[in-house]
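Beneath this line is the structure, given in structure tokens, with notes to follow.
Both counts, for ligands and for their atoms, begin at 1 and track the order of listing. All residue numbers in this chain count up from 1 along the given sequence.
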Amino acid sequence: MSAREYDVVIVGAGFAGMYLLHRVRRLGMSVRVLEQGSDVGGTWYWNRYPGARCDVESMQYSYQFDDDLQQEWHWPERYSAQPDILKYAQHVADRFDLRKDIDFEMRLASAHFDEESAIWTLKAEDDTVTMARFFVMATGCLSAPNWPKIEGLKSFAGPTYHTALWPHEKVVFSGKRVAVIGTGSSAIQSIPHIAREATHLTVFQRTPNYAIPAHNREMDPELEKEIKTHYPTMRARAKTTSGGLDVVYNQGSIHDATPDERNSAFERNWQRGGLGFMSAYGDLMVDQSANEIAAEFVRNKIRERVKDPQTAERLCPRNVIGAKRLCVDIGYYETYNRDNVDLVDVGAAPIEKITPEGVRAHGRLYEVDALIIATGFDAMTGALTRVDIRGRDDASLAERWKDGPSTYLGLAMHEFPNLFTVTGPGSPSVFSNMLPTIEQHVDWIADCLGHAKSQGFKTVEAEANAEQDWWAHCQELGNIGLKTVTDSWYVGANVSGKARVFLPYFGGIPAYFKKCEEVVENGYEGFAFR
Ligand code: NAP
């Protein structure tokens, strides 16, 4: 077996890995991408469940590094469905001839750094060995599926599907009794579709979620033309907002508004639809009483949409709105008006076990023919800690992050020279429009690689102090307001045994981008080049 050697190895051929490949090629460095799937697309390759759709509008959820690409591409709908986003990723791969530098169906098992040679040795599960001077984990924030710990899960006699590992061939539910476990975004998107097809659907809900309607529609040609005419202006405006989205955020306090004014502000956002709902007032995520007014507005909408008052109440979340990522729905709550759909609460008393016949809860067996697990991801750290990554002195990343991660800017870690992460913990990532954030990270990493190459440096490594200070800053920001009062994947609470630590950076896109620029202007402050 001969080892392959490259200047740069990128893990993952989603939007991050694809763009980084394109950038690194232009630096004149040799580069290879390792991808576990059989094609590009990352999250949009794996999450193929019925109804999978982006919760950021199509005209904003796209690359901006190539103006011809953004001008020529046509998105058919306001919010893109998974097959359209995958088609876009495939188009980008064709357009920039990316596939020739990607090894598909190659899953990374380990990556070990040798200090003397300053080379990473990467071993895939099929034993292929690849050597790299620089190594970038472009493995996504929501890519390591989280399986629930429920007794007997493997004993179920029928097919079991995880929403994040959906089969490529069409799954047929007609004539079947189906159970869905979970009521997060993936479940909320898929449930209306499955309910329309299956004979009967039972939804097992541990915690109800807030969903804002998408009001999805075909792309308005006038809007598309208008945006394309002023694309750079819109992209620049988006970068001035905390989430990197072209949405107007009202910074004012809800307490300065009358009840009628509040109602109209929320109604306006409700009618517009989508994630911008919380932009109505500036204090919704810092003041419990302000948050409760927004939450009650949404609960009243659920009560209007669900005919049976008892079911409506069971679907009404009682926790802080926005502390978990909001869901964006198309007909979710109305699905519970159907005769073939039942909601089973498993919050107070958890699912007892899965048997070959179905799901046992509250002492009763719910017999089903198919089981859907919609229990999300080991978010932000899972894709990194599931690989045996060892840096200087054999330091294990998984071991080091046992009590929670720490990074410098979400980009690099002390003791792990020449390893970069795209949208790692400690970066705005999941609190932002992912595609522009990915582009910013990729540009920063590519520029840093270019700098190392031009100056003849063998290694670049985050300094311990810089990492400690950055991580402390991230935790300080994370603890402000209401973001951590609810269990969520933002704090790792959805994975049993995972340390409860606030994972993303919450200082907003403008502050983060500025910090990254300042680091470079100050001679890569906080990074040691050798
Ligand atoms: P999720 O938000 O983590 O939801 C998982 C669901 O499974 C929750 O309802 C959770 O209940 C439930 N659950 C977990 N273990 C359980 C158990 N043992 N018994 C019963 N219920 C259990 O996962 P997700 O829906 O896959 O979404 C994750 C993130 O991916 C989203 O927040 C979003 O950022 C992203 N996503 C985006 C889109 C989009 O762009 N439209 C679509 C899908 C996903 P608890 O709440 O009680 O923990």
Side-chain angles (χ1 to χ4, degrees), residues 42-44 46-58 60-61 78-82 84-85 140-153 161-166 179-191 202-214 216 243 245 273-275 315 317-320 322-330 332 343-354 359-361 371-380 382 423 429-435 486-496 498 503-504:
T43 196
W44 302 105
W46 295 102
N47 289 267
R48 307 169 170 251
Y49 57 82
R53 192 178 283 281
C54 190
D55 55 9
V56 172
E57 292 188 42
S58 313
Q60 299 200 51
Y61 191 82
R78 179 184 183 195
Y79 290 98
S80 293
Q82 173 270 337
D84 287 320
I85 307 177
C141 296
L142 296 156
S143 49
N146 177 38
W147 287 91
K149 291 207 164 38
I150 303 176
E151 188 192 331
L153 184 56
Y161 307 102
H162 195 297
T163 44
L165 296 168
W166 203 260
V180 173
I181 298 178
T183 48
S185 288
S186 304
I188 282 176
Q189 289 188 333
S190 55
I191 281 168
T202 311
V203 178
F204 292 88
Q205 169 183 268
R206 191 162 71 180
T207 316
N209 247 312
Y210 295 96
I212 310 298
N216 189 42
L245 281 167
L275 292 176
L315 287 164
R318 303 287 158 190
N319 48 17
V320 162
K324 280 185 177 182
R325 189 179 168 102
L326 281 184
C327 303
V328 177
D329 85 293
I330 301 179
Y332 172 66
L343 180 68
V344 177
D345 290 307
V346 290
I351 291 171
E352 288 155 21
K353 67 192 289 196
I354 309 275
V359 182
R360 179 169 280 282
L371 187 56
I372 297 173
I373 306 295
T375 52
F377 304 89
D378 182 352
M380 304 211 67
T423 63
S429 54
V430 293
F431 274 126
S432 68
N433 179 8
M434 286 302 292
L435 258 172
T486 299
D487 282 351
S488 72
W489 56 258
Y490 292 145
V491 294
N494 64 324
V495 176
S496 62
K498 189 166 175 174
L503 298 168

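In terms of protein heavy-atom proximity, atom 33 (C) of ligand 1 is nearest to R325 CD, 3.6 Å. Among all non-hydrogen protein atoms, the one lying nearest atom 6 (C) of ligand 1 is A374 O, 3.3 Å. Of all protein heavy atoms, the one closest to atom 30 (O) of ligand 1 is L142 CD1, 3.5 Å. Distance from atom 13 (N) of ligand 1 to its nearest protein heavy atom, with residue and atom name: T375 CG2, 3.7 Å. When hydrogens are left out, the protein atom nearest atom 4 (O) of ligand 1 is G184 CA, 3.5 Å; that is the closest non-hydrogen contact. The protein atom (non-hydrogen) at minimum distance from atom 26 (O) of ligand 1 is S186 OG, 2.6 Å. Ranking the protein heavy atoms by distance from atom 20 (C) of ligand 1 puts I181 CG2, 3.7 Å first. Nearest protein neighbour of atom 47 (O) of ligand 1, counting heavy atoms only, is T207 OG1, 2.4 Å.
With sequence neighbours excluded, the residues that form a side chain to side chain contact (heavy atoms under 4.5 Å, CB included) with A214 are Y79, N216, V328, I330.
Taking both residues in full, the closest heavy atoms of P148 and L153 are given as O-CD2, 3.7 Å, listed atom of the first, atom of the second, then distance. Heavy atoms only, all atoms of each residue included: I150 and I351 are closest at CG2-CG2, 3.7 Å.
With a 4.5 Å cut-off on side-chain heavy atoms, L275 and R325 count as touching. Inter-residue side-chain proximity for Y490 and L503 is flagged as unmet; no heavy-atom pair is nearer than 4.5 Å.
Listed by number with element, the atoms of ligand 1 under 4.0 angstrom from any heavy atom of G182 are 6 (C), 7 (O), 9 (O), 12 (C). Heavy-atom proximity to P148, at under 4.0 Å, picks out these atoms of ligand 1: 18 (N). Ligand-side atoms of ligand 1 in range of C54: 40 (O), 41 (N), range being under 4.0 angstrom from any heavy atom. Residue R53 approaches ligand 1 through these ligand atoms, each under 4.0 Å from one of its heavy atoms: 39 (C), 40 (O), 41 (N).
A donor-acceptor distance shorter than 3.5 angstrom exists from the side chain of K498 to the backbone of A379, with no hydrogens or angles considered. Counting only distance, with no hydrogens or angles, the side chain of N209 and the backbone of C327 share no donor-acceptor pair below 3.5 Å. A distance-only check finds a donor-acceptor pair linking the side chain of N146 to the backbone of T375 [under 3.5 Å]. Put simply, the side chain of Q205 never gets that close to the backbone of L315: no donor and acceptor are under 3.5 Å apart. In this structure, T183 contributes its side chain and T207 its backbone to a donor-acceptor pair below 3.5 Å.
The CG atom of L326 lies 9.5 Å from the OH atom of Y210; values are rounded to the nearest 0.5 Å.
For ligand 1, one of its N or O atoms has an N or O atom of R206 under 3.5 Å away. The shortest N/O to N/O separation between Q189 and ligand 1 falls below 3.5 Å. Considering both main-chain and side-chain atoms, W489 comes within under 3.5 Å of ligand 1 through a nitrogen or oxygen pair. Among the atoms of K324, some N or O lies under 3.5 angstrom from an N or O of ligand 1. At least one N or O atom of T183, backbone or side chain, sits closer than 3.5 Å to an N or O atom of ligand 1.
Of the heavy atoms in A164, none comes closer than 4.0 Å to ligand 1. The part of F377 lying near ligand 1 is the side chain, judged by heavy-atom distances below 4.0 Å. If you look at Y49 next to ligand 1, the close heavy atoms, those under 4.0 Å, all belong to the side chain. When heavy-atom distances to ligand 1 are checked against a 4.0 Å cut-off, S185 comes that close through both its backbone and its side chain.
In this pair, W166 and Y49 present their aromatic rings perpendicular. The plane angle is above 60°, beyond the 30 to 60° band.
Side-chain polar atoms of T423 and S429 form no donor-acceptor pair below 3.5 angstrom.
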